[in-house]
Amino acid sequence: MPVPLFDPTSPQAPLRADIRAAVHRVLDAGQFVLGPEVAAFETELAAYLGAGHAIGVANGTEAITIALRALGVGPGDEVVVPSFTFWASAEAIPATGATPVFCDVDPDTMCVTAETVKAALTPKTKAVIAVHLFGNVAPIAEIEALGVPVLEDAAQAAGSTSPAGRPGALGAIATFSFYPSKNLGAFGDGGAITCRDADVADRVRTLRFHGSKDKKDYVDIGYNSRLDEIQAAILRVQLPHLDAWAANRVAAGDRYAEALEGVVALPRATAGSRPAWHLYVIRHDDPDTLLAGLKEQGIGARPYYRVPVHAQPPMAKWAPAHDLPGTAEVARTHLAIPMSAALDAAMVDEVVEAVRGTVLAAR
Ligand SMILES: *Cc1c(COP(=O)(O)O)cnc(C)c1O
């Protein structure tokens with residue numbers, strides 16, 4: 001039986017009637033931008049995360065740009081960001097006028113550490129973007145202890161937990177994406193910003209609405225970046241199921257880890273965290289042969305960030321002069337294998353057999 005790399009559709013199937021009813025509720029109300037559904041979702045998301053405030057925006061990329069602006073980031077400032085991440089984590093920085101400064105990651109967790117961030121700090125550093133990559137939880141408190149505000153890019157970490165709280169409630173400000181394939185996915189684009197400070201929340205609300213409160217008086221150059229009512233209504237149906245979906249991702253990850261120990265390099269959860277793996281990303285010295293072997297057996301797999309962000313041509317002018325050895329290693333060796341809220345034990349076992357077979361045959 002083939003096993004797909006990811007499957008956002010199956011977990012939503014039992015909710016289809018509720019989702020349809022929610023969409024019809026919005027159609028009947030006739031209010032499509034910044035209405036009661038967005039307001040209710042913001043309250044529910046903040047409560048779920050244990051965050052002070054949540055503000056819906058149009059997508060996870062603009063969420064980062066707006067969050068940086070709310071922290072006061074602008075031209076002349078530097079923002080530290082890992083190079084092993086989805087492109088948008090860094091793409092959102094030049095949009096503020098600031099400069100990205102690329103830092104390394106720990107190849108075992110694939111996240112930034114206080115050490116890798118510290119190596120990239122300068123007197124111009126205004127903020128750090130710590131990405132909770134693949135659902136793993138970056139060490140936010142340790143990075144904040146360096147004395148610089150931290151933005152959590154939690155686009156891949158909805159449903160993860162850590163002893164200090166959930167991603168989205170760990171730093172000064174955090175961003176989420178509700179792109180359909182994420183752990184909490186809308187039926188289109190969507191995003192959110194969470195923060196602990198009421199003044200910062202107020203700035204975010206103004207920035208997402210053209211730099212205004214009322215479209216009469218303008219206090220800033222802002223954005224038109226709102227989560228719309230239909231997406232908010234759909235997300236409200238799904239949010240109560242996020243923990244159950246996350247538990248399935250955790251269980252599937254645990255089953256992989258037990259069965260594949262010593263066969264391939266496994267992703268290591270950061271201290272005390274329970275990652276709701278968005279993607280389950282292993283490492284192997286010959287990922288292309290492994291990929292080909294898995295494909296032959298109907299198992300979905302793919303590398304995500306083979307060329308790290310700093311090595312992409314539009315970022316060349318900001319590429320660091322020194323090597324990022326952790327980034328280089330994980331970029332070369334990583335491979336995502338199937339992970340979803342619908343991945344059951346039998347599917348995991350099938351993937352495990354295919355991985356073992358391919359790796360051991362090549363030894
Ligand atoms: C998906 C993603 C984003 C961007 O979110 P969009 O909603 O697609 O704009 C940013 N950072 C990371 C780590 C992501 O995975």
Side-chain angles (χ1 to χ4, degrees), residues 5-6 8 38 41 45 54-69 79-96 100 102-103 105 109-112 127-138 140 150-160 167-168 170-171 173-194 204 208 223-228 231-232 234-235 238 249 267 270 275-281 302-310 312 314-315 327 330-331 334 336 339-340:
L5 182 57
F6 56 88
V38 170
F41 175 67
L45 180 66
I55 303 101
V57 294
N59 58 68
T61 308
E62 286 183 346
I64 299 171
T65 299
I66 293 171
L68 289 172
R69 292 271 319 270
V79 177
V80 174
V81 66
S83 178
F84 189 73
T85 180
F86 177 53
W87 168 257
S89 304
E91 180 190 32
I93 299 168
T96 68
F102 292 99
C103 73
V105 292
T109 64
M110 293 172 272
C111 287
V112 297
V128 173
I129 298 177
V131 183
H132 298 303
L133 198 68
F134 305 138
N136 210 352
V137 185
I140 303 302
V150 178
L151 182 160
E152 304 172 64
D153 180 348
Q156 301 186 359
S160 294
L170 303 174
I173 198 159
T175 59
F176 287 87
S177 165
F178 306 122
Y179 183 77
S181 67
K182 305 284 162 122
N183 289 5
L184 180 63
F187 287 18
D189 279 310
I193 296 169
T194 57
V204 169
R208 78 168 169 183
Y223 307 83
N224 174 7
S225 186
R226 284 88 57 124
L227 179 67
D228 68 58
Q231 299 304 340
I234 291 168
L235 289 165
Q238 297 190 65
R249 291 175 182 273
T270 53
W277 299 112
H278 171 58
L279 297 168
Y280 196 80
V281 177
R302 62 168 272 206
Y304 270 79
Y305 314 127
R306 195 63 88 215
V307 179
V309 175
H310 77 272
Q312 301 282 356
M315 294 289 175
T327 300
V330 70
H334 79 284
M339 175 54 69
S340 83

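Both counts, for ligands and for their atoms, begin at 1 and track the order of listing. Hydrogens, waters and symmetry mates are skipped; everything else that's a heavy atom, side chains included, is used.
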* Got a sec, which residues hit side-chain contact (heavy atoms from CB on, under 4.5 Å) with S340, two or more places apart in sequence or on another chain? -> D7, A342, L343

Enumerate, one pair per line, all nitrogen or oxygen atoms of ligand 1 lying under 3.5 Å from a protein nitrogen or oxygen, stating the separation to 0.1 Å; write 'none' if no such pair exists.
from	atom 1	to	atom 2	distance (Å)
ligand 1	5 (O)	S177	OG	3.3
ligand 1	7 (O)	G60	N	2.8
ligand 1	7 (O)	S177	OG	2.6
ligand 1	9 (O)	G60	N	3.3
ligand 1	9 (O)	T61	N	2.9
ligand 1	9 (O)	T61	OG1	2.5
ligand 1	11 (N)	D153	OD1	3.3
ligand 1	11 (N)	D153	OD2	2.7
ligand 1	15 (O)	Q156	NE2	2.8
ligand 1	15 (O)	K182	NZ	2.8

* Asked: How long is the gap from CG on L133 to OG1 on T109, to the nearest 0.5 Å?
  -> 9.0 Å

* Any residue meeting side-chain contact (heavy atoms from CB on, under 4.5 Å) with A138, in chain and number order, not counting sequence neighbours -> C111, V112, A130, H132, I140

* Structure fact -> Hits for side-chain hydrogen bond (donor to acceptor under 3.5 Å, both in side chains) against Y179, two or more places apart or cross-chain, chain-then-number order -> none

* Under 3.5 Å, side chain of D153 to main-chain N/O of I129, donor-acceptor pair present? -> no

* Among E62, R69, R208, which residue meets the side chain to side chain donor-acceptor pair (under 3.5 Å) test with Y223? -> R69

